Number of protein chains: 2
Amino acid sequence: MQSQVNRRSARPRPSSAVTLQQVAQDAGVSLATASRVLSDSDRNVTQELQERVLEAAARLRYVSNAPARALVQSTTSIVGLVVHDVNDAYYSAIAAGVMEVARDHKLLVMLAGTFHEPGLQVEYVARLRAQRARAVILAGSGFTGGSPALTQELDAFTAQGGRVAAVAHQGLAVDTIVPGNREGGRAVAEHLAGLGHTEIGVICGPLALVSVQDRLHGFLERAAELGVVVTEHHRVEADFTRDGGRAAAVRLFRRSPGITALFALNDAMALGALAALRDDLGRGVPSDVSVVGFDDLPVACDVTPALTTVRLPLEEIGRRALLLALGDATASPRTLDVPSRLVVRASTTPPPRVTG
Amino acid sequence: MQSQVNRRSARPRPSSAVTLQQVAQDAGVSLATASRVLSDSDRNVTQELQERVLEAAARLRYVSNAPARALVQSTTSIVGLVVHDVNDAYYSAIAAGVMEVARDHKLLVMLAGTFHEPGLQVEYVARLRAQRARAVILAGSGFTGGSPALTQELDAFTAQGGRVAAVAHQGLAVDTIVPGNREGGRAVAEHLAGLGHTEIGVICGPLALVSVQDRLHGFLERAAELGVVVTEHHRVEADFTRDGGRAAAVRLFRRSPGITALFALNDAMALGALAALRDDLGRGVPSDVSVVGFDDLPVACDVTPALTTVRLPLEEIGRRALLLALGDATASPRTLDVPSRLVVRASTTPPPRVTG
DNA sequence: TTGAAAGCGCTACCAC
DNA sequence: GTGGTAGCGCTTTCAA
């Protein structure tokens with residue numbers, strides 16, 4: 001009775017893709033010869049046959065079946081790029097660097113956005129493993145303490161021959177790029193303390209992120225050395241976004257109205273803080289409050305006042321990450337430091353003179 | 001009940017990826033049964049065997065070999081997204097929309113950046129065809145007059161069963177999203193003319209782009225209707241970027257210092273114009289010159305003065321594009337209009353009163 | 001319900 | 001040099 005077979009047997013498609021077999025036939029050569037010509041392996045083929053094959057391939061608009069090729073070679077020209085948010089200029093910049101190197105190496109990039117869900121990150125690495133991707137770049141900052149699930153997944157991927165490079169991750173046994181987050185935080189502390197600020201607020205992204213921790217600790221460390229104490233009371237945590245920064249700024253100033261300088265742990269949050277200061281709090285920047293960001297996104301010099309921030313060479317980080325993953329496997333895992341640099345613009349000045 | 005012997009001799013490849021065969025062996029079932037369980041096709045498998053297979057797969061961290069699967073099914077879960085510049089907020093926004101739908105449909109996205117080389121665009125579509133991508137989204141505006149090479153390549157792709165959706169392309173015989181470029185241009189003309197501007201400069205991106213043409217013509221058309229003539233003398237062409245906009249603004253004002261309003265055909269150029277006006281030309285915005293952009297990138301409300309611009313729902317365009325490509329193939333090609341809307345902010349006011 | 005076996009399109013290894 | 005052919009790992013008939 002259950003012979004009611006599912007009749008959706010409509011073939012997925014006519015699948016009229018041109019095959020190598022057809023090209024060979026059209027050129028009057030064997031499959032093997034056609035393959036030799038078109039897969040530019042050993043070119044032990046007569047000039048004449050070569051031309052015949054090339055011509056047939058062009059005429060038929062033949063492109064080789066990448067999955068078939070991948071199956072036999074058990075590798076692909078695919079690299080995966082995992083980011084938290086595609087629409088975040090930080091990742092766009094890294095992606096641009098990755099794409100550049102990918103283009104030069106004739107690699108295809110699979111872009112995976114985790115939408116900030118750590119679970120999705122692991123799932124994407126697994127799918128990239130299934131795709132037999134040659135390498136995976138983890139561009140999004142890792143979580144402090146690491147993730148066992150991610151570690152296991154990465155192990156499986158590398159065991160299969162896949163290469164991995166991570167940016168701002170910890171304890172991952174893969175090639176890792178260490179951006180100058182800590183040193184950048186230190187530079188900000190120095191700048192602000194040097195200007196004479198003593199009451200400084202810090203707007204943090206999720207404290208579980210390695211980047212956030214590094215930037216924050218670098219800052220606190222150097223500030224303390226310079227005699228500026230930033231209590232927890234002067235710190236707020238929020239989403240690593242413009243909206244997060246805006247809300248955080250409002251909260252922070254309600255709590256501590258005496259703050260004269262604000263360090264937002266990335267530019268997106270700094271933008272939000274700028275908006276809050278201007279629209280919600282009615283404070284002038286930098287006349288009332290100095291503001292510093294981090295990353296030096298392109299937008300930093302388009303806002304008013306132009307934002308003092310820490311420059312991270314994001315495109316280069318992207319390039320280096322892929323290059324690392326494409327490089328010598330035997331030397332892995334290795335670590336690459338990419339320095340940051342404070343860029344002073346118009347959003348910071350000495351604190352307003354207090355009358356009295 | 002012994003495990004069926006693996007008759008292949010010991011010739012292990014360097015890649016030690018777990019195969020379905022191994023899972024089947026480990027679970028003590030046949031390859032076919034393991035496949036049935038893990039490829040969630042017809043689940044006509046005993047509860048018990050099902051569990052055994054699932055357990056074995058989990059224990060071995062098995063993921064199926066996507067290329068192998070693609071080979072037999074002659075389709076993949078890959079969609080290609082072709083943009084001109086990965087690091088351009090316009091494309092980031094579209095990409096975000098595409099990624100969202102991709103995530104919901106369990107699709108993988110291959111991101112291809114053409115770096116503004118039309119040749120690369122065709123090449124990428126060919127590679128996506130080779131990958132047996134299920135669909136391709138052409139997010140970058142097309143060129144007026146079209147491109148025969150692109151058309152042919154797209155034909156080959158669709159002949160093979162691939163689906164295509166294009167944004168702001170012309171004459172392509174594929175599903176196409178038509179953003180409200182023309183209507184947006186008209187709205188700008190109306191706004192500026194309504195404010196009383198009569199000497200208006202237009203900063204154009206490459207005139208070969210469909211988007212540029214549509215925006216420009218919509219604007220000129222409506223301006224003319226309202227009695228405002230914008231001669232070629234008041235128009236400049238430059239790269240569709242911030243730098244292009246900056247250079248163009250300088251050039252334009254050197255030529256026609258009397259201009260009281262500037263229409264930049266995208267926000268990136270408008271940002272550059274703002275910078276030029278402020279830093280190179282010393283003109284106040286909007287006191288001396290009103291400025292209008294196009295796209296409404298997130299940055300538009302962070303600059304000072306906040307930019308009047310035409311809002312394009314870019315993420316939605318991305319979502320719709322992929323949805324279109326994933327939808328009913330028999331109805332293709334079809335056209336989807338996505339309206340734009342003028343957003344008036346602080347960068348536009350009536351022209352300064354001329355003393356005389 | 002389960003297992004055996006036929007390919008999917010290609011590369012690479014054999015003979016010739 | 002060139003052609004035949006054995007699989008790569010998988011899904012999917014077809015038998016049992």
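Being a predicted model, the structure only gives us computed values, none of them experimental. Chain A is the first sequence line, chain B the second, and so forth, proteins listed ahead of strands; every chain is numbered from 1.
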- [ ] Return the value, rounded to whole Å, for the distance between atom CG of L20(A) and atom P of dC10(C).
- [x] 5 Å

TODO: Show your reasoning for whether side-chain contact (heavy atoms from CB on, under 4.5 Å) applies to Q22(B) and Y62(B).
DONE: CA-CA 9 Å; Q22(B) 291 170 37; Y62(B) 170 78; over 6 Å; no

Task: Candidate nucleotides dT11(C), dG1(D), dG3(C), ranked by approach to the side chain of R36(B) - the nearest - done: dG3(C)

Open item on the list: Which residues in residues 45-66 of chain A have a heavy atom closer than 4.0 Å to any atom of DNA chain D?
Closed with: V45(A), T46(A), L49(A)

TODO: Go through the structure and list residues passing side-chain contact (heavy atoms from CB on, under 4.5 Å) with V122(B), not counting sequence neighbours.
DONE: A149(B), L150(B), E153(B)

Task: Atom pair distance, as rounded to whole Å: CG in N44(B) and P in dG3(C) - done: 14 Å

Task: R132(B) (side chain) and dG9(C) (base): donor-acceptor pair under 3.5 Å - done: no

TODO: Check every strand shown and say whether S35(B) touches a base, only sugar-phosphate, or nothing at a heavy-atom separation below 4.0 Å.
DONE: base

- [ ] Please tell me which of the listed nucleotides, dA4(C), dG9(D), dT11(C), lies nearest to the side chain of T19(B)?
- [x] dG9(D)

TODO: May I have the distance from Q22(A) (atom CD) to dG9(C) (atom P), rounded to whole angstrom?
DONE: 8 Å

TODO: Please tell me which of the listed nucleotides, dT12(D), dT2(D), dA12(C), lies nearest to the side chain of A32(A)?
DONE: dA12(C)

Task: Which residue lies more 5' along DNA chain C, comparing A68(B) with T33(B) via nearest heavy atoms - done: T33(B)

Open item on the list: In this structure, how many angstroms lie between the C1' atom of dG9(D) and the CG atom of L38(B), rounded?
Closed with: 13 Å

TODO: Look only at the side chain of T33(B) and the backbone of L31(B), and say whether a donor-acceptor pair between them is shorter than 3.5 Å.
DONE: no

TODO: Could you please name the option among dC10(C), dA4(C), dC10(D) that lies closest to any side-chain atom of L31(B)?
DONE: dC10(D)

Open item on the list: I need the CD-P distance between Q21(B) and dT11(D), as an integer number of Å.
Closed with: 13 Å

Open item on the list: Treating R52(B) as the side-chain partner and A27(B) as the backbone partner, does any N or O pair qualify as donor plus acceptor under 3.5 Å?
Closed with: yes

Task: Among dA4(C), dG9(D), dT11(C), the nucleotide that comes nearest once only the side chain of L71(B) is considered - done: dG9(D)

Task: With sequence neighbours excluded, residues passing side chain to side chain donor-acceptor pair (under 3.5 Å) with S64(A) - done: R69(A)

Open item on the list: Just verifying a value: how many Å separate I317(B) CD1 and I177(B) CD1, rounded to the nearest 0.5 Å?
Closed with: 6.5 Å

Task: Working for side-chain contact (heavy atoms from CB on, under 4.5 Å), residues R132(B) and Q160(B) - done: CA-CA 8 Å; R132(B) 299 303 185 258; Q160(B) 168 188 292; 3.4 Å; yes

Open item on the list: Taking only side-chain N and O atoms of R69(A), does any of them lie within less than 4.0 angstrom of OP1 or OP2 on dC10(C)?
Closed with: no

